[in-house]
Amino acid sequence: MSEEDNSTNKTDSGPAFDEELLRKIAEHPCYDKKAQHKFGRIHLAVAPKCNIQCNFCVREFDCVNESRPGVTSKVLTPQEALEKTEQIRADYPFIRVVGIAGPGDPLANDATFETFELIKNEFPELTLCMSTNGLLLPEKLQDLLRVGVSTLTVTVNAIDPEIQAKIVNHIVYHGKVYRGVEAAEIQIKNQFEGIKAAIDAGLVVKVNTVLIPGINDKHVVEIARKLNELGVYIMNVMPLINQGAFADIEPPTAEERKTVQEACEPYVMQMRHCRQCRADAYGLLSQDMSQMSEERRKLIKIQTKEDLEKAREILGKDGKEEA
Ligand code: CLF
Ligand code: SF4
């Protein structure tokens with residue numbers, strides 16, 4: 001499937017989506033390439049704890065399975081996250097997705113569910129999105145459904161426990177520390193089970209895979225085959241950002257990443273516009289407003305408010321209902 005086509009409503013083995021879900025996909029800047037210039041997302045950094053240790057992760061920073069490392073987001077309480085959403089949503093109505101992507105693993109933090117609940121009650125029209133390492137997905141899926149999450153990202157860096165054992169140093173699962181292949185087997189089993197159950201329950205699942213030369217680069221296409229079998233909607237092959245125990249591994253070149261994406265494309269649609277954003281990013285993917293000057297933010301605010309007023313005027317003149 002070509003990149004231009006990424007508005008299809010089902011994968012080969014996945015379910016067909018209802019109209020409401022199709023709208024959410026079409027307005028999701030990560031799930032639909034065309035949406036990235038029109039619609040934005042806000043990330044709420046409410047989840048500091050993580051239950052695994054990836055070898056490319058330095059704990060003081062954001063989760064690198066969904067974020068850019070080297071920066072730490074200020075952790076918010078659920079109430080602060082709601083207030084931030086209210087304020088940003090009022091100024092930038094093009095934001096349609098509220099995501100929780102760290103700084104640690106969202107499923108390892110109760111604040112994730114409290115936050116989604118608050119947001120759902122106040123903004124039922126917004127899409128709730130979350131990103132996880134998948135370890136707790138089978139046992140937390142019902143909570144995700146209860147709070148209204150509809151788009152879910154799971155990071156799958158290997159489906160072979162021998163390879164996964166080279167990527168994750170250890171996991172902490174139900175109070176016990178596991179290492180090596182034993183840890184990898186638990187995580188992979190839970191990822192498969194959780195992804196399958198999430199898709200069966202109607203979530204639209206995206207998988208992030210960090211491309212690590214010499215570790216999983218030859219293996220990524222096998223992951224893509226498995227994702228097809230599970231009914232995953234879209235896959236995001238991200239380049240390694242070398243730090244932590246993997247500081248000496250050379251990241252893949254753009255060409256190497258492209259070759260892997262092309263090899264995966266026959267099995268699962270490829271996302272190619274990821275910005276590896278921060279756990280507190282907001283705005284369009286290409287314009288992280290959390291990193292902008294106040295002046296620049298004001299300008300965007302004026303533009304969106306004027307555009308909204310102009311649109312209302314035109315619709316008013318035509319006698320049609322407001323959008
Ligand atoms: Fe955020 Fe992730 Fe949801 Fe998007 S980001 S939780 S799916 S709303 Fe998007 Fe950012 Fe790439 Fe993630 S560009 S890092 S893929
Ligand atoms: Fe770091 Fe994310 Fe891995 Fe946890 S899941 S160790 S926060 S990269």
Side-chain angles (χ1 to χ4, degrees), residues 6 24-25 27-33 35-36 39-73 75 95-109 112 116 119 126-137 144 149-157 164 167-172 183 187 191 203-210 212 233-241 243-246 270-288 290:
N6 75 2
K24 286 184 169 177
I25 294 170
E27 292 183 354
H28 197 306
C30 307
Y31 278 63
D32 188 329
K33 185 182 173 233
Q36 66 173 313
F39 303 112
R41 52 79 187 94
I42 173 172
H43 279 174
L44 301 172
V46 295
K49 289 181 270 177
C50 190
N51 46 11
I52 71 172
Q53 178 61 61
C54 301
N55 282 329
F56 46 68
C57 181
V58 178
R59 265 301 160 68
E60 298 99 79
F61 306 136
D62 288 356
C63 174
V64 218
N65 281 325
E66 184 78 2
S67 310
R68 186 182 314 145
V71 285
T72 316
S73 300
V75 175
I95 288 182
R96 300 292 162 86
V97 178
V98 176
I100 299 184
D105 187 70
L107 292 183
N109 294 266
T112 297
F116 277 139
I119 304 284
L126 293 180
T127 299
L128 304 185
C129 189
M130 203 203 71
S131 162
T132 175
N133 61 40
L135 182 63
L136 295 180
L137 189 51
L144 286 183
V149 168
S150 54
T151 53
L152 176 74
T153 294
V154 183
T155 300
V156 179
N157 292 328
Q164 175 77 354
I167 301 171
V168 172
N169 178 281
H170 65 267
I171 66 168
V172 183
Q187 193 179 356
Q191 288 179 334
L203 296 194
V204 194
V205 175
K206 168 171 148 290
V207 160
N208 282 357
T209 300
V210 180
I212 313 164
Y233 184 73
I234 191 166
M235 179 188 202
N236 175 21
V237 178
M238 308 163 92
L240 168 77
I241 301 175
Q243 56 169 15
F246 283 176
Q270 296 293 298
M271 174 187 188
R272 292 183 168 91
H273 60 283
C274 176
R275 299 283 173 156
Q276 292 180 278
C277 29
R278 295 166 55 109
D280 62 356
Y282 69 91
L284 298 175
L285 294 190
S286 58
Q287 281 183 329
D288 178 4
S290 74

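Numbering of ligands and ligand atoms starts at 1, following listing order.
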So do [Y] and [X] actually touch side chain to side chain, heavy atoms under 4.5 Å?
{"X": "Ile167", "Y": "Ile212", "result": "yes"}
{"X": "Pro29", "Y": "Leu284", "result": "no"}
{"X": "Leu107", "Y": "Thr112", "result": "no"}

Any idea which atoms of ligand 1 are less than 4.0 Å away from a heavy-atom of [X]?
{"X": "Cys129", "result": "3 (Fe), 6 (S), 7 (S), 8 (S)"}
{"X": "Thr153", "result": "7 (S)"}
{"X": "Asn236", "result": "15 (S)"}
{"X": "Cys277", "result": "5 (S), 10 (Fe), 13 (S), 14 (S)"}
{"X": "Cys274", "result": "11 (Fe), 13 (S), 14 (S), 15 (S)"}
{"X": "Lys206", "result": "7 (S), 15 (S)"}
{"X": "His43", "result": "1 (Fe), 5 (S), 6 (S), 8 (S)"}
{"X": "Leu285", "result": "13 (S)"}

Using a distance threshold of 2.8 Å, state whether an N, O or S atom of Cys30 lies below it from atom 3 (Fe) of ligand 1. no

Determine whether the side chain, the backbone, both or neither of Cys54 has a heavy atom under 4.0 Å from any heavy atom of ligand 2. both

Could a heavy atom of Asp105 be found less than 4.0 Å from some atom of ligand 2? no

Listed partners of Arg41 passing side chain to side chain donor-acceptor pair (under 3.5 Å), at least two apart: none

Checking side-chain polar atoms at under 3.5 Å, does Asn133 have a donor or acceptor matched by the opposite partner on Thr155? no

Could you pull out all residues at least two apart from Thr151 that satisfy side-chain contact (heavy atoms from CB on, under 4.5 Å)? His28, Tyr31, Thr127, Cys129, Val204

Look up atom CD1 in Ile234 and atom OG1 in Thr153, then write down how far apart they are to the nearest 0.5 Å. 9.5 Å

Atom pair CE/CG of Met271 and Asp32 - distance to nearest 0.5 Å: 10.5 Å

Please report the C-alpha distance between Asn51 and Lys49 in whole Å, then the side-chain angles of each, then the deciding distance to 0.1 Å, and finally whether the side chain to side chain donor-acceptor pair (under 3.5 Å) criterion is met. CA-CA 7 Å; Asn51 46 11; Lys49 289 181 270 177; over 6 Å; no

Proximity of His273 to ligand 1 by residue part, where a heavy atom lies under 4.0 Å: neither

At a non-hydrogen distance cut-off of under 4.0 Å, which region of Ile100 contacts ligand 1 (side chain, backbone, both, or neither)? neither

